[in-house]
Protein chains: 2
Amino acid sequence: METSVMEENKNITIIDVARRAGVSKGTVDRVLHNRGEVSAKSAEKVRQAIRDLDYEPNLYASLLATRKNHVIACLLPRSVKGEYWDKLRNGFVQGGEAVSNLGAEVKIFEYDQYDPESFAAVCSQVLASEPAGVVLPPLFKNDTLLFTEKLHKAGVPYVYVDSRLEDEHYLAYFGMPTYRSGYLCAYLLTERCQDVPKVAVIRITRDKTRRSDPTIDRRAGFSDYMQEMFPDSEIINVFINPNEPDEIAQVLDVFFAEHPDVRFVVMFNSRIHLVAPYLQAHPVEGRRVIGFDDLDLNMEALSSGAVTVLIAQHTEAQSSKAVATLVDYVVLHKEPGKRDNYMHMDILTSLNQENY
Amino acid sequence: METSVMEENKNITIIDVARRAGVSKGTVDRVLHNRGEVSAKSAEKVRQAIRDLDYEPNLYASLLATRKNHVIACLLPRSVKGEYWDKLRNGFVQGGEAVSNLGAEVKIFEYDQYDPESFAAVCSQVLASEPAGVVLPPLFKNDTLLFTEKLHKAGVPYVYVDSRLEDEHYLAYFGMPTYRSGYLCAYLLTERCQDVPKVAVIRITRDKTRRSDPTIDRRAGFSDYMQEMFPDSEIINVFINPNEPDEIAQVLDVFFAEHPDVRFVVMFNSRIHLVAPYLQAHPVEGRRVIGFDDLDLNMEALSSGAVTVLIAQHTEAQSSKAVATLVDYVVLHKEPGKRDNYMHMDILTSLNQENY
DNA sequence: CTGGAAATCGTGCCCGTTCACGGAAAAGTA
DNA sequence: TACTTTTCCGTGAACGGGCACGATTTCCAG
């Protein structure tokens, strides 16, 4: 009828432990935070006493006594408001607020996503600031590995978001299963499609630097699904120069004039909103348009009907969880539940985009 | 390049305030918790000093000093493992764990969902236990109103989950927009449907007590959509006795024999898993089956292909957020951001059900 | 003006940890 | 043995706020 959640209040203090181990609380404290200056013998007695009494330190007392502020450094590319990285940034800030009463603080370090140098510069800044933990999306693979190696040596835990490298020491990862998101995209696009689908893949991208790029996996997932289900389907890439936004309408005009029967449109990055105005201005019965990520502009495109479906992952949740996990680890010494956390892929339509 | 999130560490203690107000910290403490025994004059001086210094009490110190445990009472119907109410219950427990280091504790009170008496009995238990806050789904309207009125008089804040009554004093509400979920369901069911859809609505329900029932709104949303989009559509109710589980197959056999052209199947409560085995055993090309809620059994039905889409709302998130909000309010004195929190409706398919 | 009740307020201990400081014991040196 | 250097460990003062207790002041009747 009535159940209690939470261990009964143990009144076991550090002094009880000390008494049982026949030492003073100072000594107990030293072994608790293994900062040496304790003989092996009494260290063992203390550990035994802790085990015997099932002692766990009082969080408040501890937090009160060490009024140290753990700072969590969050690195990410500078970005325009409303863009993907900006959402991620918001998540960092939110996460920071959520844990602010645990004596943790979030510091955000931004760099130029097209300039590895600026990333490296920021990295040394972060190292110099001696953070309690670091969160970052591994944009530049090599530079990131160099950086995280240093972090590891300095004993600073770090968490990947967005995508993930395969090094050994990261504490956790939060992100989307990119391959599967492409697969899902193809399914949603072609579900109940009667004939052989023709798909336009719109590609607006800067010339690639040597960055890790999640859209590659996504594209692969998409292709694989299409291969499996519609071997005869046609997938046509439409390239648009990002530096010439006016070009968009022209290119699409040309394309759809040539391919009037293309009913399926996708984009694998978060920029579907760039083509939304054109699509809305040129409506086609039965056309399906799918994009990624819950940017504000994308959400608008969704509610306006220009976009049919958005595959999203609660960008903010991703980064705020990363911060929370790190803080839990650093101040509460709580190991993360899972190391690799693949976020759920949300399917957004105009009818369920509210309250997202 | 570098931004700090969080106000700088204010070292202003209660003593600073006391000094500035020309009183002792005891007095400051009294006005802080307005527990009287302070003259109007010095109370005002203290308040002024607090404002001047922008003082806010140190959470840890406070928590350490009062090792009182705020208990949050969570009421809900007893239920089988894996059922809807059990998920809600899990959310309560999770929420309790999440805030356990804020000196809060969750106590769960269960009653018989078909017996208002048992609910009333539990209510008085809760009242007697003098909780710091209460979370409950308002199953029995009248009894709930009676109860919450008493809570309000006793100064105990309460939060609704699942559904909501229109009384004045609830602190917050967390739940699904039921009408819209029915609307969404109809959309997902009939999207890209070429001809006039015929829908089987399967209804397995106990004889109704005077409970508030979210499936009514859901049904309404569904009907409205169908009316709008397919005025000629046919919606056929299929009633099944919940007390005769073996009956399910028979009834469905009869039904589908009579209506071989029905391709659309929905259920508005969380029990779609009950018919999943039958549907899987009798596959039909192009059939679409939609159910509600992320019960484990429903998820299995989804991955097996018996169910096409599940409309869910992260049941656990709903209840754990309710707990978190209440605790924030009670121990941190933080007002809830929004009063009515409609949870996002998640669209689950076999391809995105993982990591949910 | 006085005694006593009531209103108001200050003091001091407590909560459980952290950590600097310095003392005692052990080990090393001459 | 005596003296120095390490190693180890105990002590006690914070940390900031809650609250019991009792002291002081105010108020009012007699």
Side-chain angles (χ1 to χ4, degrees), chain A residues 7-47 49-50 53-70 100-103 132 330-333, chain B residues 7-47 49-50 53-70 100-103 132 330-333:
Chain A
E7 64 285 17
E8 55 290 341
N9 239 345
K10 18 190 99 165
N11 291 336
I12 312 159
T13 80
I14 201 172
I15 296 203
D16 300 319
V17 176
R19 243 195 311 265
R20 183 173 237 271
V23 297
S24 79
K25 69 198 174 84
T27 304
V28 176
D29 186 65
R30 274 183 282 264
V31 343
L32 231 37
H33 304 82
N34 35 255
R35 70 176 115 85
E37 311 208 348
V38 178
S39 70
K41 191 162 46 135
S42 36
E44 187 41 50
K45 275 194 298 183
V46 167
R47 269 188 284 270
I50 289 178
L53 298 176
D54 199 22
Y55 162 80
E56 36 185 296
N58 180 307
L59 185 63
Y60 315 136
S62 170
L63 249 21
L64 176 62
T66 72
R67 59 219 147 290
K68 184 171 60 174
N69 246 19
H70 302 266
S100 71
N101 55 12
L102 276 171
V330 178
V331 353
L332 271 23
H333 306 109
Chain B
E7 63 285 18
E8 55 292 341
N9 237 345
K10 19 190 99 168
N11 290 337
I12 311 158
T13 79
I14 200 173
I15 296 204
D16 298 321
V17 175
R19 244 197 309 264
R20 182 174 238 270
V23 297
S24 78
K25 75 195 176 90
T27 304
V28 175
D29 186 66
R30 273 182 282 264
V31 344
L32 231 37
H33 303 82
N34 35 255
R35 69 176 115 86
E37 311 208 349
V38 178
S39 70
K41 193 161 44 129
S42 38
E44 186 42 49
K45 274 194 298 183
V46 168
R47 268 188 285 271
I50 290 179
L53 298 176
D54 200 20
Y55 163 79
E56 36 184 296
N58 180 307
L59 186 62
Y60 315 136
S62 169
L63 249 20
L64 174 62
T66 72
R67 57 215 152 293
K68 183 172 63 174
N69 248 17
H70 301 267
S100 71
N101 56 10
L102 276 171
V330 176
V331 352
L332 271 24
H333 306 108

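Just the heavy atoms: all of them, side chains too, but no hydrogens, waters or symmetry mates, feed the values below. Order of the sequence lines fixes the chain letters, A, B, ..., with proteins taken first and strands second; residue numbering starts at 1 for each chain.
Taking the side chain of Lys25(A) as heavy atoms from C-beta on, and the options dG10(D), dT11(D), dT8(C), the nearest nucleotide is dT11(D). Residue Ser62(B) places its side chain closer to dG18(D) than to any other of dG18(D), dT17(C), dG10(D). Taking every side-chain heavy atom of Ser39(A) into account, dC9(D) is the closest of dC9(D), dC19(C), dG16(C). Distances from the side chain of Asn58(A) to the nucleotides dT8(C), dG12(C), dG16(C) place dG16(C) closest. Among the nucleotides dG17(D), dC19(D), dC19(C), the one closest to any side-chain atom of Asp29(A) is dC19(C). In this structure, of dG10(D), dT17(C), dT11(C), it is dG10(D) that holds the atom nearest to the side chain of Ser24(A). When distances are taken from the side chain of Thr13(B) to each of dC19(C), dC9(C), dG17(D), the shortest belongs to dG17(D).
The shortest non-hydrogen separation linking Ile50(A) to Leu32(A) is CD1-CD1, 3.4 Å. Minimum heavy-atom separation, Val23(B) to Val28(B): CG2-CG2, 3.9 Å. For the residue pair Tyr60(B) and Leu102(A), the shortest heavy atom distance occurs at OH-C, 3.0 Å. Considering every non-hydrogen atom in both Ala18(B) and Ser24(B), the closest pair reads CB-C, 3.6 Å. Scanning both residues, His70(A) and Val331(A), for their nearest heavy atoms gives CD2-CG1, 4.0 Å. Residues Ala132(A) and Val330(A) come closest through the heavy atom pair O-CG2, 3.6 Å.
Between the CZ atom of Arg19(B) and the P atom of dC9(C) there is a distance of 19 Å, given to the nearest Å. Between the P atom of dC13(C) and the CD1 atom of Ile14(B) lies a distance of 18 Å, rounded to the nearest Å. Regarding Ile15(B), its CD1 atom lies at a distance of 13 Å from the C1' atom of dG18(D), rounded to whole Å. Here dC9(C) presents its C1' atom at 12 Å from NZ of Lys41(B), a figure rounded to the nearest Å. Atom C1' of nucleotide dT18(C) and atom CG of Leu59(A) are separated by 14 Å, given to the nearest angstrom. If you take CG of Leu32(A) and C1' of dC9(D), they are 16 Å apart, rounded to a whole angstrom. Leu53(B) places its CG atom 12 Å from the P atom of dG17(D), with the value rounded to the nearest Å. In this structure, Tyr60(A) atom OH and dG18(D) atom P are separated by 14 Å, rounded to whole Å.
The base of dG10(D) sits with one of its N or O atoms less than 3.5 Å from a complementary donor or acceptor on the side chain of Arg30(A). Under 3.5 Å, the side chain of Glu37(A) and the base of dC9(D) form at least one donor-acceptor pair of N or O atoms.
Summary of the strand contacts: Thr66(B) and Ala40(B) both lie near DNA chain C, and taking for each the nucleotide with the nearest heavy atom, the more 5' one is attributed to Ala40(B). Along DNA chain D, the nucleotide closest to Ala43(A) and the one closest to Leu64(B) are compared, and the more 5′ of them pairs with Ala43(A).
At a threshold of 4.0 angstrom between heavy atoms, the contacts of Val28(B) with the nucleic acid are absent.
A close approach under 4.0 Å does occur between a side-chain nitrogen or oxygen of Thr27(A) and OP1 or OP2 of dG10(D). Residue Arg35(A) places at least one side-chain N or O under 4.0 Å from the OP1 or OP2 atom of dC19(C).
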